[in-house]
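Reckoned from all heavy atoms, side chains included, excluding hydrogens, waters and symmetry mates. Just so we're on the same page: letters track the sequence lines, and every chain starts at 1.
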2 protein chains.
Amino acid sequence: MPRRRQAVTIKHVAADAGVSLQTVSRVINNEPNVRPEMAERVRGSINRLGYVPLIAAQRMGGSKSRLILALNDRDRTIAGWQNREGTDWVDQMLLGGMLTCGRHGYRLILELVDTHSDHIERELLGAIGALRPDGVILTPPHSQDPVILDLLERHGISIARIGSLTPGPGFSLIMGDEDAARMATDHLIALGHRRIGLIAGATDYELSGWRVTGWRAALAEAGLADDLLAPGNFDYASGRAAANSLLAAADPPTAIIASSDQMAIATLEYARERGLRVPEDLSIISFDDTPVARFASPPLTAVVQPIAAVATLAVERIIAEQAQDDLPTEPVYVAADLAVRGSTAPPPRR
Amino acid sequence: MPRRRQAVTIKHVAADAGVSLQTVSRVINNEPNVRPEMAERVRGSINRLGYVPLIAAQRMGGSKSRLILALNDRDRTIAGWQNREGTDWVDQMLLGGMLTCGRHGYRLILELVDTHSDHIERELLGAIGALRPDGVILTPPHSQDPVILDLLERHGISIARIGSLTPGPGFSLIMGDEDAARMATDHLIALGHRRIGLIAGATDYELSGWRVTGWRAALAEAGLADDLLAPGNFDYASGRAAANSLLAAADPPTAIIASSDQMAIATLEYARERGLRVPEDLSIISFDDTPVARFASPPLTAVVQPIAAVATLAVERIIAEQAQDDLPTEPVYVAADLAVRGSTAPPPRR
DNA sequence: TTGAAAGCGCTAACAA
DNA sequence: TTGTTAGCGCTTTCAA
């Protein structure tokens with residue numbers, strides 16, 4: 001078996017087109033200073049020979065690797081896959097990120113790292129060292145982790161931080177959590193609800209706070225009390241505990257907004273056990289809108305996170321940074337949506 | 001800004017350990033002909049300096065790329081992501097494939113290619129040329145596509161073919177579709193059913209035929225007729241049409257096995273519309289067991305495909321092939337499982 | 001068992 | 001606008 005090598009290389013193209021390697025390289029990379037007819041000739045040869053640049057070689061020659069890493073929380077991601085609950089965070093990231101990478105000759109590589117471990121630095125260095133990605137997409141809680149941020153910055157890697165506004169390197173992309181919470185609350189107020197509870201997300205996620213803020217603002221505007229706030233950490237058990245505490249209040253809520261689908265499902269089931277009908281006696285709105293929200297009965301009214309759109313923007317921004325330095329530094333904002341379904345209705349009459 | 005370069009390279013390690021580059025390379029690749037104490041010294045330096053080999057450079061040097069491609073059908077995958085129906089085929093592949101790759105210093109890269117297009121060859125050549133993967137994991141219907149198989153073989157790339165036994169290059173991994181169908185049918189027979197229908201999958205999937213075979217075999221063994229076979233192509237609409245035709249039979253089924261979750265859901269809903277209760281009047285079993293099967297009401301008894309396990313084996317086999325030539329060539333078989341849930345019960349009494 | 005040399009395919013820096 | 005040169009970090013020869 002012959003040693004495996006690139007069938008057709010930049011040399012073949014150069015020879016075929018009768019130009020130097022460098023000219024071919026310039027054409028491939030859309031660089032200036034190539035006469036149009038020259039470029040055309042080179043492109044002709046590229047197509048005729050079926051030439052495709054080898055990413056590894058491009059990496060070796062120059063600075064760019066044309067690789068972008070999507071960093072996700074290891075345990076959470078694996079648990080989601082194993083439980084097969086249909087949580088599609090990763091899929092939506094791939095949908096936006098992979099396809100966008102593809103359009104630019106980049107590749108997206110998914111990488112899982114332990115969040116709460118002391119060897120996170122070593123893990124990350126392993127991926128960085130082996131791949132040398134041009135950029136990294138960080139999701140919460142990684143996107144606000146100073147160890148990770150610092151490490152990436154020291155390596156000169158572009159950083160896209162989803163769901164974090166903490167000052168630091170890289171640029172932020174947020175999904176309008178505050179407005180989304182406000183929108184959800186307003187929807188309930190418009191239906192006639194006066195007692196609206198919120199189950200918060202884990203406190204180490206910045207977006208948890210934003211949701212509380214939006215909920216508070218909407219209530220304040222309507223002159224309603226914001227005493228119905230219960231802590232949660234996104235998972236089912238915490239949702240159940242929160243529902244319990246909210247519904248045990250002296251003046252209980254007629255509607256509850258949960259900061260995750262799992263907590264919303266927990267609330268739904270707990271309410272049923274207490275003999276409450278949804279939505280007749282209790283309205284429920286969830287955050288995330290993973291498939292489970294749609295499969296519930298009734299289907300849950302939910303805040304739809306534009307994950308794919310945000311991933312697309314993250315990739316585009318990272319790629320743009322490779323060519324240009326002075327890009328706008330303000331956070332990118334993509335509005336969330338509210339999908340109104342069967343779990344919300346006017347409150348019961350007194 | 002300085003030109004981005006590998007912070008610590010093999011040279012640094014060699015200098016630190018006082019050996020040649022070559023010796024370090026040998027240690028990294030676990031090659032023979034290195035004295036233990038020498039290897040130990042090198043490993044010490046590697047750890048101390050935090051050295052990680054750059055995959056791109058390893059590729060350039062020759063040898064392996066340490067990259068494995070997971071090829072999926074482009075349209076189908078994107079549609080699944082966009083519809084957010086919770087189909088988690090890709091996730092399960094990642095679960096098995098990515099984690100296994102990680103354990104061996106490999107990376108798994110997901111790649112989507114158009115199935116029914118004439119430029120499939122060009123698309124695939126693009127991915128192959130850019131990445132030069134050591135192996136490719138093929139899923140149906142790619143796994144039986146002669147154009148793809150031939151192309152990969154010509155490039156000397158290891159091929160893992162999931163769900164195909166068609167002769168050709170590469171090695172096969174199958175998920176026991178025949179046995180699974182037999183198991184599902186037996187389950188229904190044990191419950192007392194005598195009229196058991198099957199909605200087949202798309203005919204261009206080999207596994208569709210295997211399922212029919214298994215169903216037939218079980219029926220034959222029990223002395224039952226196998227006239228209740230309806231064609232389908234995995235999607236909702238075809239499931240609905242099939243349910244319609246089966247239930248319109250003179251002697252209609254009391255149980256239906258659908259070759260996909262979507263077709264099972266369609267059957268469930270169609271039966272309801274006809275006033276049939278599930279499982280009291282009609283039992284239903286589905287194939288795949290994506291989350292939708294569990295979220296249905298009643299939750300569907302379903303054949304669970306061991307996708308993650310198969311992906312794991314595919315990766316391991318591809319990696320093994322890189323080092324060794326004479327590996328067993330028989331198809332790898334991973335048994336599917338039957339998750340018994342609320343959609344199956346004894347047939348109604350006459 | 002070890003090391004020195006050559007080269008993988010490409011790009012950056014420089015010269016023409 | 002184009003071409004030449006010198007690497008990038010690693011592995012494969014091959015020689016010691």
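- Residue-to-nucleotide proximity on DNA chain D shows that, of B/Ala56 and B/Glu31, the 5′-proximal contact is made by B/Ala56.
- Between A/Ile46 atom CD1 and C/dC10 atom C1' there is a gap of 13 Å when expressed in whole angstrom units.
- Closest non-hydrogen pair, B/Pro140 versus B/Ile162, comes out as CD-O, 3.3 Å.
- Residue A/Gln22 is in base contact, counting any heavy-atom pair closer than 4.0 Å across all strands shown.
- Between B/Ala39 and B/Val34, the shortest heavy-atom contact is N-CG1, 3.8 Å.
- Sequence order on DNA chain C of the closest nucleotides to B/Val19 and B/Ala57 puts B/Val19 first from the 5' end.
- Atom C1' of nucleotide D/dC8 and atom CD of B/Gln58 are separated by 14 Å, given to the nearest angstrom.
- Using a 4.5 Å cut-off on side-chain heavy atoms (C-beta onward), A/Leu173 and A/Arg317 make no contact.
- Distance A/Leu21 CG to D/dT4 C1': 10 Å, rounded to the nearest Å.
- Distances shown here put a side-chain N or O of A/Ser25 below 4.0 Å from the OP1 or OP2 atom of C/dT11.
- Shortest non-hydrogen contact noted between A/Arg26 and A/Asn33 is CD-O, 4.2 Å.
- Atoms CZ (A/Arg59) and P (D/dG9) sit 8 Å apart, rounded to a whole Å.
- Taking CG of B/Leu313 as the reference point, atom CD1 of B/Ile318 lies at 11.0 Å (rounded to 0.5 Å).
- The side chain of B/Asn29 lies closest to D/dT11, out of C/dC10, C/dC8, D/dT11.
- Rounded to 10°, the angle separating the first-five-pair axis and the last-five-pair axis of the helix from C/dT1-D/dA16 to C/dA16-D/dT1 equals 30°.
- Counting only distance, with no hydrogens or angles, the side chain of B/Thr139 and the backbone of B/Asn72 share no donor-acceptor pair below 3.5 Å.
- Going from atom CD of A/Glu37 over to atom P of D/dT1 covers 10 Å, rounded to whole Å.
- The nearest whole Å value for the distance from the CZ atom in B/Arg132 to the C1' atom in C/dC10 is 14 Å.
- A/Ile10 approaches A/Tyr51 most closely through the heavy-atom pair N-CE1, 3.5 Å.
- A side-chain donor-acceptor contact under 3.5 Å links B/Ser158 and B/Gln322.
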Where do N or O atoms of nucleotides 14-16 of chain D meet protein N or O atoms at under 3.5 Å, pair by pair?
none

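- OP1 and OP2 of C/dT1 both lie 4.0 Å or more from every side-chain N or O belonging to B/Thr23.
- The nearest pair of heavy atoms linking B/Leu131 to B/Leu67 is O-CD2, 3.7 Å.
- Close to C/dG3, at under 4.0 Å from its OP1 or OP2, lies a side-chain N or O of B/Ser20.
- Regarding contacts with the backbone of C/dT2, every side-chain N or O of B/Asn33 stays at 4.0 angstrom or more from both OP1 and OP2.
- Rounded to an integer number of Å, the gap from NZ of A/Lys11 to P of C/dT11 is 14 Å.
- When distances run from any side-chain atom of A/Val34 to the nucleotides D/dT11, D/dT2, C/dT11, the shortest one goes to D/dT2.
- Here D/dG7 presents its P atom at 17 Å from CE of B/Met60, a figure rounded to the nearest Å.
- Checking side-chain atoms of B/Ser65 against main-chain N and O of B/Arg132 turns up a donor-acceptor pair under 3.5 Å.
- Side-chain N/O atoms of A/Arg35 include one lying less than 4.0 angstrom from OP1 or OP2 on D/dT2.
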